[in-house]
Amino acid sequence: MDIVVLCGGLSPERNVSISGGRRIAAALRSLGHRAALMDMYFGLEGYDGPLDGAFDLPLPPEAGVAPAEPELEAVARARKLRSGSLFGERALELCLAADLVFLALHGSCGEDGRVRAAFDLLGIRCTGSPYLGSAVAMDKRLTKLVARSVGVRTPEGVYIPRGGTPGPGLPGPPCVVKPVDSGSSLGVEIVREAAALPGAVERAMRGASGVLVEEYIAGREIQISILGGKALPGIEICPGEGFYDYRSKYQPGAAREVTPAPLPPGAEERLAAAALAVYRALGLRSLARADFIFDGEEFQFLEINTLPGMTPTSLAPQEAAAAGMSYERLCERIIELAFEQE
């Protein structure tokens, strides 16, 4: 098949997306597909050849994820196309010419359902979950409401909309401050002193539509992926220091991951059931990864990611490997699921 691996975009997670996208494209080519790796924001800028030739362009050298998030203003200045569109030069043309678009996007515009909705309108088949479930899952506040509606526990917290200020009812320190609609732990802080709370809220609000201030739950970080409605083995995250932040997620050796997660008897089944309940309530499809805190007795749901990372340090591929599924087979299964969504 001719497959566009769509990555990059104008998101703080663009570097993560490009790293994962390059790895996906290489895997698809090893499986015999013609895979074009394309940054959604730049499109085919710099390539003047025929559309069909884009599927045979050489892939860039494999590279890890930079320790710091990109400066998006600099990224925008670097694009030659002066347009308000987030689709770069001939990007939509190439997607329309493909048999399938493999979504390797992260963050706003990638995971929030907008790209999927645009593709649905244009008749472009792509991987991932339907746009409505993706949009809700991108909003941590709404996702928590959905989780509670199906009996899944989640930390108590208060939502502060953009332009709002912390008021009464906020959880006392220690608490967790996080943007309501971003990923890769960008903007997340653990606040241990009341005086530090306003500053943490202000920083988390940058580029976000709102902020969640949640009670801090001490425990083990356990995540579990769902692939086509079936749970993969859970994975435990053991950061080298602090919590599982942006650096810990993408710098080799910064965190230790253990899969299957060492859990008490029966706990893995309860973890999978909770993740599946949220996955189904949101109407998700394909691959998704749910994040939990385990206090030794109960699991507390944090969020669910509808386009999990596919970088060399990402978790879902490690869980798939623990289930006996290679990276290439995982990519192929995601493609199969895209064709099952009729």
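Nothing here was measured: the structure is a model prediction, and the numbers come from that model.
The side-chain heavy atoms of Val5 and Leu28, taken from C-beta on, include a pair separated by under 4.5 Å. Looking at heavy atoms from C-beta onward, Ser11 lies out of side-chain contact with Leu105 at the 4.5 angstrom threshold. Asn305 places a side-chain heavy atom less than 4.5 Å from the side chain of Glu303. Side-chain contact between Pro171 and Val158 is present, with at least one heavy-atom pair separated by less than 4.5 Å. In this structure, the side chains of Arg289 and Leu315 come closer than 4.5 Å at one or more pairs of heavy atoms. Contact annotation: the side chain of Glu189 never approaches that of Val176 to less than 4.5 Å [non-hydrogen atoms, C-beta and beyond]. You'll find the side chain of Pro312 reaches within 4.5 Å of the side chain of Ser19, heavy atoms only. Counting heavy atoms from C-beta on, the side chains of Ile3 and Val101 never come closer than 4.5 Å.
When atom types are taken as modelled, the side chain of Thr306 and the backbone of Ala288 share no donor-acceptor pair closer than 3.5 angstrom. Proximity of a side-chain donor or acceptor of Asp139 to a complementary backbone N or O of Leu142 within less than 3.5 Å is detected. Here the side chain of Arg23 pairs a donor or acceptor atom with the backbone of Thr311 at under 3.5 angstrom. Listed for the Ser286 side chain is no donor-acceptor partner under 3.5 Å among the backbone atoms of Thr127. Side-chain N or O atoms of His33 include one that pairs as donor or acceptor with a backbone N or O of Met1 at under 3.5 Å. No donor-acceptor pair closer than 3.5 Å links the side chain of Ser129 to the backbone N or O of Leu284. At least one donor-acceptor pair under 3.5 Å links the side chain of Ser134 to the backbone N or O of Pro130. Side-chain atoms of Tyr41 never come within 3.5 Å of backbone atoms of Cys7 as a donor-acceptor pair (strictly under, hydrogens ignored). The main-chain N or O of Leu307 is found under 3.5 Å from a side-chain atom of His106 such that the two form a donor-acceptor pair. Although no hydrogens or angles enter the test, the distance criterion places no donor-acceptor pair under 3.5 Å between the side chain of Asn15 and the main chain of Glu69.
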Inset, instruction - Evaluate the salt bridge (charged side-chain N to carboxylate O under 4.0 Å, His left out) criterion for residues Asp295 and Arg220: first the C-alpha distance (whole Å), next the side-chain angles of each, then the deciding distance (0.1 Å), finally the verdict. - result: CA-CA 6 Å; Asp295 65 8; Arg220 298 160 59 190; over 6 Å; no
Inset, instruction - Could you walk me through whether Phe292 and Gln300 pass side-chain contact (heavy atoms from CB on, under 4.5 Å), step by step? - result: CA-CA 5 Å; Phe292 291 83; Gln300 296 242 23; 5.9 Å; no
Inset, instruction - Apply side-chain contact (heavy atoms from CB on, under 4.5 Å) to the pair Leu94 and Met38, showing each step before the final yes or no. - result: CA-CA 9 Å; Leu94 187 64; Met38 183 171 65; 3.8 Å; yes
Legend entry - Worked verdict on Phe102 versus Ile335 for side-chain contact (heavy atoms from CB on, under 4.5 Å): CA-CA 8 Å; Phe102 197 119; Ile335 290 172; 4.0 Å; yes
Legend entry - From CA spacing to verdict: side-chain contact (heavy atoms from CB on, under 4.5 Å), Leu337, Arg285: CA-CA 8 Å; Leu337 290 167; Arg285 301 288 186 272; over 6 Å; no
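When all heavy atoms of Ala338 and Leu100 are compared, the pair lying nearest together is CB-CD1, 3.8 Å. The heavy-atom pair separating Met138 from Glu111 by the smallest distance is SD-CB, 3.9 Å. Between Pro173 and Ala194, the closest heavy-atom pair is CG-N, 3.4 Å. Heavy atoms only, all atoms of each residue included: Gly43 and Ala91 are closest at CA-CB, 4.0 Å. Considering every non-hydrogen atom in both Phe87 and Ser85, the closest pair reads N-OG, 3.0 Å. Thr154 and Lys144 make their closest contact through OG1-NZ, 2.9 Å (heavy atoms, listed as atom of the first residue, atom of the second, distance).
Here the options are Asp291, Ile235, Leu302, Ile237, the test is side chain to side chain contact (heavy atoms under 4.5 Å, CB included), and the partner is Glu221; only Ile237 passes. With Arg153 as the partner, the salt bridge (charged side-chain N to carboxylate O under 4.0 Å, His left out) test is satisfied by one option alone out of Glu298, Glu297, Glu215: Glu298.
Residues Glu336 and Arg333 are paired through a salt bridge, judged by an N-O separation under 4.0 Å between the basic side chain and the carboxylate. Contact check on Asp52 versus Arg34 returns a salt bridge, with a Lys/Arg side-chain nitrogen under 4.0 Å from an Asp/Glu carboxylate oxygen. Using a 4.0 Å cut-off between charged side-chain N and carboxylate O, Arg79 and Glu45 make no salt bridge. A salt bridge is defined here as a Lys NZ or Arg NE, NH1 or NH2 lying under 4.0 Å from an Asp or Glu carboxylate O, and Glu214 with Arg141 fails to meet this definition.
A side-chain donor-acceptor contact under 3.5 Å links Glu319 and Ser225.
To the nearest 0.5 Å, atoms CD (Glu332) and OG (Ser30) are separated by 9.5 Å. Of the inter-residue distances, the one linking Arg125 atom CZ with Asp120 atom CG reads 10.5 Å to the nearest 0.5 angstrom. Once rounded to the nearest 0.5 Å, the distance linking CG of Leu92 with CD1 of Ile124 reads 6.0 Å. One finds the CD1 atom of Ile226 at 9.0 Å from the CG atom of Leu287 (value rounded to the nearest 0.5 Å). To the nearest 0.5 angstrom, Ile224 atom CD1 is 7.5 Å from Leu276 atom CG. Asp99 CG to Asp2 CG: the interatomic distance, rounded to the nearest 0.5 Å, is 5.0 Å.
The aromatic rings of Phe299 and Phe294 sit parallel, their planes meeting at an angle under 30°, below the 60° perpendicular limit.
Follow the hydrophobic side-chain contacts under 4.5 Å out from Val258 and you never reach Met325; the two are in separate clusters. By the rule that hydrophobic residues join a cluster once side-chain heavy atoms approach within less than 4.5 Å of another member, Tyr159 and Met205 end up as members of separate clusters. Ile222 and Leu232 are not part of a single hydrophobic cluster, where members link through side-chain heavy atoms under 4.5 Å apart. Cluster membership for Leu37 and Leu44, using ILVMFWY side-chain heavy atoms within less than 4.5 angstrom, is not shared. Transitive grouping of hydrophobic side chains (ILVMFWY, heavy atoms separated by less than 4.5 Å) keeps Leu59 and Leu57 in distinct clusters.
Both tests hold for Arg192 against Tyr216: distance to the six-membered ring centre under 6.0 Å, angle to the ring axis within 45°.
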